[in-house]
Amino acid sequence: MKKIISVFITCILLLSLTACGNGSSNEESSNSSSEQTPAPSVEAQESDSSSEINVSELEEATGNALVVYFSATGNTRTVAQTLSQMQNVELYEIVPEQPYTEEDLDYNNDSCRANLEQNDETARPAISGNIENIEDYDVIYVGFPIWWGTMPKILNTFFDTYDLSGKTIAPFCTSGGSGISRAVQTIEELEPSAVITEGLRTEPENASTDLTEWLNTIGLAN
Ligand SMILES: Cc1cc2nc3c(=O)[nH]c(=O)nc-3n(C[C@H](O)[C@H](O)[C@H](O)COP(=O)(O)O)c2cc1C
């Protein structure tokens, strides 16, 4: 009888040990399966070599872009900011070394600074600061107000400063009504080895709609 009881107890012990063993292996397998399929994270994608290839391919396909703008009274700034947010690209403001005062911009006065500059073929108002890594960008959006039918002379300074050969320049402007075509013609002359897209004239109130349509037309929509 004792023998039977001891065999019975041994069996129970063996059975419970086997059950524990299975439990722990289930836990491991469920843990390891959750490790293999984590929620996607930027870090995980970056360390995954196949994702790295995709990221660089994407960069090659879309290129790096920069929104450059000059704005004396804020209209073009608003449009430039909207564009930079839409395209998720950096923004660079052309800041004059000598800021334009209200008096400078009084175009009813023939001898105001802006008028004198626009009438002087050689005028190149100085820009404060510079873009150190212009070579990193393939597409440069360039925004400005229209002054006397074309772009302000400080834009000539900008195009004289940087060789944009091989890059795509996408010009946009704000104005009281004048179009951008004269400015685009001048940019073509100043940057003969760049690809200049169709230009856009808009105003802050219509910027989103106009920019979306324009980006589609020139093939730069995201
Ligand atoms: C000196 C000067 C000349 C201008 N000439 C024109 C012009 O020829 N045609 C036009 O439609 N608007 C003209 N404007 C109006 C500006 O293009 C318009 O207000 C623009 O939106 C200003 O942009 P900003 O606020 O970014 O400086 C002129 C403005 C100034 C100050």
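As the structure lists them, so they are numbered: ligands from 1, and atoms in each ligand from 1. Hydrogens, waters and symmetry mates play no part in the numbers below; they use all other heavy atoms, side chains included.
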Checklist entry - Should one rank Pro145, Gly143, Gly176 by closest heavy-atom distance to atom 11 (O) of ligand 1, which comes out on top? => result Gly176
Item to check | Of the listed options Thr202, Thr73, Asn115, Asp104, closest to atom 25 (O) of ligand 1 (non-hydrogen atoms) | outcome: Thr73
Checklist entry - Between Thr168, Val139, Thr197, which is the residue that forms a side chain to side chain contact (heavy atoms under 4.5 Å, CB included) with Ile218? => result Thr197
Atom [atom1] in [X], atom [atom2] in [Y]: separation rounded to 0.5 Å?
{"X": "Glu117", "Y": "Trp147", "atom1": "CD", "atom2": "CH2", "answer": "6.5 Å"}
{"X": "Leu215", "Y": "Leu83", "atom1": "CG", "atom2": "CG", "answer": "6.0 Å"}
{"X": "Tyr69", "Y": "Thr78", "atom1": "OH", "atom2": "OG1", "answer": "9.0 Å"}

Next on the checklist: Is it the case that the side chains of Tyr107 and Gln118 hold a donor-acceptor pair, with the cut-off being a distance below 3.5 Å and no angle test?
Outcome noted: no
Item to check | Short side-chain donor-acceptor distance under 3.5 Å, Glu90 and Tyr137 | outcome: yes
So which protein heavy atom does [atom] come closest to, and at what separation?
{"atom": "atom 19 (O) of ligand 1", "result": "Asn75 ND2, 3.9 Å"}
{"atom": "atom 4 (C) of ligand 1", "result": "Ile146 O, 3.4 Å"}
{"atom": "atom 5 (N) of ligand 1", "result": "Trp148 N, 2.9 Å"}
{"atom": "atom 8 (O) of ligand 1", "result": "Gly149 N, 2.9 Å"}

List every atom of ligand 1 that sits less than 4.0 Å from any heavy atom of [X], numbering the atoms from 1 in the order shown and giving each element.
{"X": "Ser178", "result": "7 (C), 8 (O), 9 (N), 10 (C), 11 (O)"}
{"X": "Gly74", "result": "24 (P), 25 (O), 26 (O)"}
{"X": "Ala72", "result": "24 (P), 26 (O), 27 (O)"}

Has ligand 1 got any nitrogen or oxygen that is less than 3.5 angstrom from a nitrogen or oxygen of [X]?
{"X": "Thr76", "value": "yes"}
{"X": "Gly177", "value": "yes"}
{"X": "Leu105", "value": "no"}
{"X": "Thr174", "value": "yes"}

Checklist entry - How close do Pro171 and Ile187 get, heavy atom to heavy atom, and via which atoms? => result CB-CD1, 3.9 Å
Checklist outcome for this item: What one should report as the nearest heavy-atom pair of Ser165 and Asp163 is OG-OD1, 2.5 Å
Checklist entry - What part of Trp147, side chain from CB on, backbone N/CA/C/O, both or neither, has a heavy atom under 4.0 Å from ligand 1? => result both
Item to check | ligand 1 contact on Ala114 by region, counting heavy-atom pairs under 4.0 Å | outcome: side chain
Next on the checklist: Is there a side-chain contact between Glu203 and Asn75 in this structure, where contact means two heavy atoms from C-beta onward sitting under 4.5 Å apart?
Outcome noted: no
Checklist entry - Less than 4.0 Å between a side-chain N and a carboxylate O, is that true for Lys153 and Asp120? => result no
